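The basis for the numbers below is simple: all heavy atoms, side chains too, and nothing from hydrogens, waters or symmetry mates. On a predicted model such as this, the values are computed, not experimentally measured, just so you know. Indexing begins at 1, ligand by ligand and atom by atom, following the structure's order.
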Amino acid sequence: MLVEEFIPNTPSKNIGSGAIGFSSPSNIALVKYWGKRPHQIPANPSISFTLSNCKTNTILRYTPKSTDDFSFDVFLDGNKQADFRPKIQQFFERILPYAPFLKSFHFDIETSNTFPHSSGIASSASGMSALAICVVALEELICIDLDSAFLKRKASFLARLGSGSACRSIEGGLVVWGKHNSIFGSSDLVGFQFPFEVHPVFKDYQDAILLVDKGEKQVSSSVGHNLMHNHSYAKSRFEQAHKHMDQLIPILESGAVQEFMNIVEKEALSLHAMMMSSDPYFILMKPNTLEIINSIWAFRKETQIPVCFTLDAGANVHVLYPKQYTSEVEHLIKGQLSVYCQNGQYILDHVGLGAEPIKI
Ligand code: 2P0
């Protein structure tokens, strides 16, 4: 796959004003992306579950204009959001070669999240993927003859340029991003659906997100990624991610939940070990993160229920479990784990379908 395929070369037509809407979910990585090269190329392959309830709804209102600049306003829950502008300006600049029509319109970008703002849940994956697919839908209106599979691939390609993990939110289910030798068709440029058989247990896996700390992170993901350059353990970390991808293929096919949990937890702790051993070092886990992990391990030992955890770049804990254990795990969360959450808050989510159009 070459970037050239995403540069439009079809004839375009004039359109008037209008609006396009998409919702796009967050995703949770099982094998983590941590470390990147220029132009948003990941240092190792990753795989994630696309989520369902945690999503961003974006409406892109477009009005033709004749000036040669970017013109847009951003609204969150109806309020103008000036602090979102730099990230979107940077996104538009990065994707301009692939969406040259962006300077031909003024945009009002209206966005809202289904999860609480500043809940510590990264909104960049859902937000950037929702905006990216709106841009591609606009291209579909302007250009003639674009096929729908290509449009999804392009939406993922553009989303990646906004935020790496966003490229895994366009498709549903299990999504792979990053070149991996055992996965034919895998690419550093786009996320695509895991191409092998998936056992039914993993098709409706549950993810309860325990909101341990809703504050601003002390170290952003961009800074964290950069600290993987010259990291003492970077080479072995990237090798480990490749090994875990290889190991997950038969596990996802056979439904081997024990082996799945082993890799997923190792990945979460390896991610945070990289943070704790970078220069400068930092810790994003909080005491309550560890309380929850220990409680999950104790519960699993006692009940033999296959519930495990993973972590994002923050203190929140994602509790992963097969759907058949929903009542037992919800009981555990309500009774024991929610006391470690800020204001007792958590979000129940599950594997979802990816980005979807919104009727306007
Ligand atoms: C992931 N994370 O695979 C990893 C695991 C966080 C921990 O991708 O700089 O917001 O926008 O490409 O995608 C968070 O990093 O970083 C992330 P950018 P992004 O989900």
Report task. Nearest heavy atom to atom 19 (P) of ligand 1 wins, so pick from Gly162, Ala159, Ser163. Result -> Ser163
**Report entry** Ligand-side contact atoms (ligand 1) for residue partner Ser221, heavy atom cut-off under 4.0 Å
**Finding:** 14 (C), 15 (O)
**Report entry** Contact (N/O only, under 3.5 Å) between Ala29 and ligand 1
**Finding:** no
Report summary line: Here the atoms of ligand 1 under 4.0 Å from any heavy atom belonging to Ala313 are 6 (C), 7 (C)
Report task. Mark up the atoms of ligand 1 that fall under 4.0 Å of a heavy atom belonging to Gly164, in ascending order. Result -> 11 (O), 12 (O), 13 (O), 18 (P)
**Report entry** Pair Tyr62 + Phe105: ring centers closer than 6.0 Å
**Finding:** yes
Query - Contacting atoms of ligand 1, where contact means under 4.0 angstrom from a heavy atom of Ser222 - result: 9 (O)
Query raised in the report: Of Arg168, Lys32, Met275, which has the heavy atom at the shortest distance from atom 20 (O) of ligand 1?
Result: Arg168
**Report entry** Backbone or side-chain N or O of Gln40 under 3.5 Å from ligand 1 N or O
**Finding:** yes
Query raised in the report: Which residue pairs pass the ring-ring contact (aromatic ring centres under 6.0 Å, His included) test with at least one member in residues 335-357, sequence neighbours excluded?
Result: none
Query raised in the report: Taking atom types as modelled, is there a side-chain donor on Ser163 or Lys87 under 3.5 Å from an acceptor on the other?
Result: no
Query raised in the report: Looking at Phe260 versus Tyr205, is the centre-to-centre ring distance below 6.0 Å?
Result: yes
Query raised in the report: Do ligand 1 and Trp34 have nitrogen or oxygen atoms that lie under 3.5 Å from each other?
Result: no
Query raised in the report: Do the side chains of Leu60 and Phe101 join up, straight or via other hydrophobic residues, at under 4.5 Å, putting them in one cluster?
Result: yes
**Report entry** Glu5/Arg153 salt bridge by N-O under 4.0 Å criterion
**Finding:** yes
Query raised in the report: So, is Ser165 polar-close to ligand 1, with some N/O to N/O distance under 3.5 Å?
Result: yes
Query raised in the report: Measuring from the heavy atoms of Met128, does anything fall under 4.0 Å of ligand 1?
Result: no
Report task. Could you tell me which atoms of ligand 1, counted from 1 in the order shown, lie closer than 4.0 angstrom to a heavy atom of Lys36? Result -> 9 (O), 12 (O), 18 (P)
Query - Under 4.0 Å to a heavy atom of Ser124 - the qualifying atoms of ligand 1, by number - result: 10 (O)
Query raised in the report: So does Lys80 pair up with Asp73, basic N to acidic O under 4.0 Å?
Result: yes
Query raised in the report: With sequence neighbours left out, which residue pairs that include part of residues 133-164 fulfil the ring-ring contact (aromatic ring centres under 6.0 Å, His included) condition?
Result: Phe6-Phe150, Phe6-Phe157, Tyr98-Phe157
**Report entry** Within 45° cone and under 6.0 Å: Arg85 NZ/CZ vs Phe72 ring
**Finding:** yes
Query raised in the report: Based purely on interatomic distance, does Asn27 place a nitrogen or oxygen under 3.5 Å from a nitrogen or oxygen of ligand 1?
Result: no
Requested in this report: Examine the proximity of ligand 1 to Ile28 and report which part, side chain or backbone, both or neither, has a heavy atom under 4.0 Å away.
Outcome: neither
Query raised in the report: Can we say Lys154 and Glu140 salt-bridge, meaning some charged N sits less than 4.0 Å from an Asp/Glu carboxylate O?
Result: no
